[in-house]
There are 2 protein chains.
Amino acid sequence: MDAKNLLKEHVSKIVALTDKQFDYFFSHFKTETFKKGQTVISEGQNVDKEYFVVSGCLKSFYVNDEIKMYILQFAMSTWWASDYAALYNKTKATINVDCISDVEILSLSNDDREKLCREIHEVEHFFRWRTNRGYVASQKRLLSFMNNDTKTRYEELLALYPALYNTVPKHLIAAYLGVSRETLSRLYNASKSH
Amino acid sequence: MDAKNLLKEHVSKIVALTDKQFDYFFSHFKTETFKKGQTVISEGQNVDKEYFVVSGCLKSFYVNDEIKMYILQFAMSTWWASDYAALYNKTKATINVDCISDVEILSLSNDDREKLCREIHEVEHFFRWRTNRGYVASQKRLLSFMNNDTKTRYEELLALYPALYNTVPKHLIAAYLGVSRETLSRLYNASKSH
DNA sequence: TTCATTACGTGATGTAGATCACATTCGTCA
DNA sequence: TGACGAATGTGATCTACATCACGTAATGAA
């Protein structure tokens with residue numbers, strides 16, 4: 001499916017836009033393509049866009065002391081990604097977003113999103129829904145962090161993103177789980193043996 | 001300040017409603033008062049309201065195996081609380097909300113919120129803003145969880161909710177930090193001695 | 001093909017924090 | 001005022017995971 005129809009289908013699950021409204025909405029997006037390994041947002045830069053993933057996989061992550069990396073989110077087709085704290089507060093990025101694979105995304109500037117939200121009530125509703133979904137997911141992950149051991153969280157992750165299993169290197173999965181790659185490796189091999 | 005004006009001031013920081021619009025908006029809220037220790041939402045029940053705190057302090061928390069408690073949020077004056085996962089998905093509550101002190105709150109039903117969002121574009125904008133703020137805060141806390149040790153998180157918490165320091169029992173602070181009360185006690189007393 | 005880089009596995013050892021156990025103090029209510 | 005439950009402090013021990021160290025396999029570019 002092409003980018004426009006993918007976005008259209010995604011939005012239409014939540015709000016009903018006329019074709020004309022959707023065309024107008026879509027006219028604010030810009031198609032961008034990146035190669036595996038390229039950077040979309042990097043720490044310290046200004047952030048003025050958010051991204052809707054058409055194909056491929058992004059990761060958003062924080063790097064501590066130039067050493068440890070923690071992955072906040074993997075973003076696959078129909079997921080959204082940005083540094084939302086920086087985007088909304090108009091501050092410099094504190095997180096990075098880059099490409100795990102070749103990627104096609106649709107970008108939307110913060111100003112255009114706010115303009116569209118003002119102009120089309122349904123669009124505002126859509127973005128409220130989307131943010132709410134993210135909020136609930138984030139709370140759930142936080143709870144899982146406090147409550148579950150690493151193995152349980154590993155299984156949860158594979159349930160949430162089944163495609164990751166064979167797609168992304170294990171050390172990235174460890175960085176999402178917040179454990180060392182060694183621990184994940186041991187865990188993973190121990191549970192294989194029965 | 002009375003409940004109505006507190007809410008009015010809170011909302012007006014984000015959107016401009018006419019007095020007539022605000023009166024209509026406010027007419028959907030119901031004042032409720034609770035005594036310290038009383039339950040607002042309990043696990044397994046239906047959830048159909050969210051709460052705006054006028055005075056006092058709520059906690060929202062998850063209880064694992066009837067044993068361990070993890071606090072998702074403390075909610076003080078002008079904060080909102082509910083089990084948003086249950087509220088939006090119309091499922092049974094998985095978290096609890098109760099009162100750390102005597103509390104006055106304004107309740108708003110999910111149906112009324114959605115109705116108000118449909119009827120008044122500015123109201124939808126307000127709730128999008130509010131949820132977004134919650135999402136960003138939740139991401140930040142998740143990152144802090146992965147990245148920082150308990151002591152740093154303890155200091156962050158006191159910076160975020162300075163009023164908690166002398167207000168709530170230490171074991172609740174431990175439950176927010178996701179550590180045992182013993183560990184918090186040791187940490188707290190160790191750092192006192194210099 | 002070769003060489004370098006990245007990914008992955010696994011042992012040894014150190015450590016933050018959990019858990020258990022018990023003592024002490026505080027708050028609340030009869 | 002006395003008493004009982006809740007909150008807190010503190011020692012001893014256990015455990016999951018980090019860290020360091022090293023080896024091997026896979027990947028990718030020249």
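Because only heavy atoms are used, hydrogens play no part in the values below, and waters and symmetry mates are left out as well, while side chains stay in. So that the names make sense, note that chain A is the first sequence line, chain B the second, and so on, each numbered from 1. Owing to the predicted nature of the structure, the values given are computational and were not obtained by experimental measurement.
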- Measure the distance from NZ on B:K35 to P on C:dC29 and round it to the nearest whole Å. 11 Å
- Item | Any B:T150 side-chain N or O less than 4.0 Å from OP1/OP2 of C:dA16 | no
- Item | Length of the CZ-C1' vector between B:R186 and D:dA12, whole Å | 9 Å
- Message: Classify the ring geometry of B:F29 against B:F25: parallel below 30°, tilted from 30° to 60°, perpendicular beyond 60°.
- Response: perpendicular
- Atom-to-atom span, CG of B:D149 to P of D:dA16 - whole angstrom: 21 Å
- Query: In terms of side-chain heavy atoms of B:R181, which of D:dC22, D:dC17, C:dC22 is nearest?
  - Reply: C:dC22
- Item | NZ or CZ of A:R133 within 45° of B:Y135 ring axis and under 6.0 Å | no
- Under 4.0 Å between a side-chain N/O of A:K151 and OP1 or OP2 of D:dA16, yes or no? no
- Message: Exactly one of A:R128, A:R118, A:E124 should register a side-chain hydrogen bond (donor to acceptor under 3.5 Å, both in side chains) with B:H125. Which one does?
- Response: A:E124
- Message: Students often get this wrong, so: under 4.0 angstrom with heavy atoms, is B:G37 touching a base, only sugar-phosphate, or nothing?
- Response: nothing
- Task: Mind telling me whether A:F126 and A:H10 have parallel, tilted or perpendicular rings, with 30° and 60° as the class edges?
- Result: perpendicular
- Residue pair B:E182/B:K36 against DNA chain C: nearer the 5' end by closest nucleotide is B:E182
- Query: For B:N189 and C:dT25, what is the distance between atoms CG and C1' respectively, to the nearest whole Å?
  - Reply: 14 Å
- Query: Quick one: A:H171 NE2 to C:dC8 P, roughly how many Å, whole number?
  - Reply: 7 Å
- Query: Roughly, in whole Å, what's the span from CD1 in A:I173 to P in C:dC8?
  - Reply: 9 Å
- So which nucleotide from C:dG9, D:dT19, D:dC17 ends up closest to the side chain of A:S180? D:dT19
- B:S185, nearest nucleotide to its side chain (from D:dT10, D:dT19, D:dC22): D:dT10
- Query: From the list C:dG9, C:dT19, D:dA18, which nucleotide is the closest neighbour of the side chain of A:Y188?
  - Reply: C:dG9
- Between C:dA16 (P) and B:L184 (CG): distance, integer Å: 16 Å
- Query: Looking at the side chain of B:L187, which of C:dA12, C:dG17, C:dT19 is the nearest nucleotide?
  - Reply: C:dG17
- Kindly indicate whether the side chain of A:V40, heavy atoms from C-beta on, has any atom under 4.5 Å from the side chain of A:N96. no
- Item | Euclidean distance, atom CD1 of residue A:I100 to atom P of C:dA7 [Å, nearest integer] | 11 Å
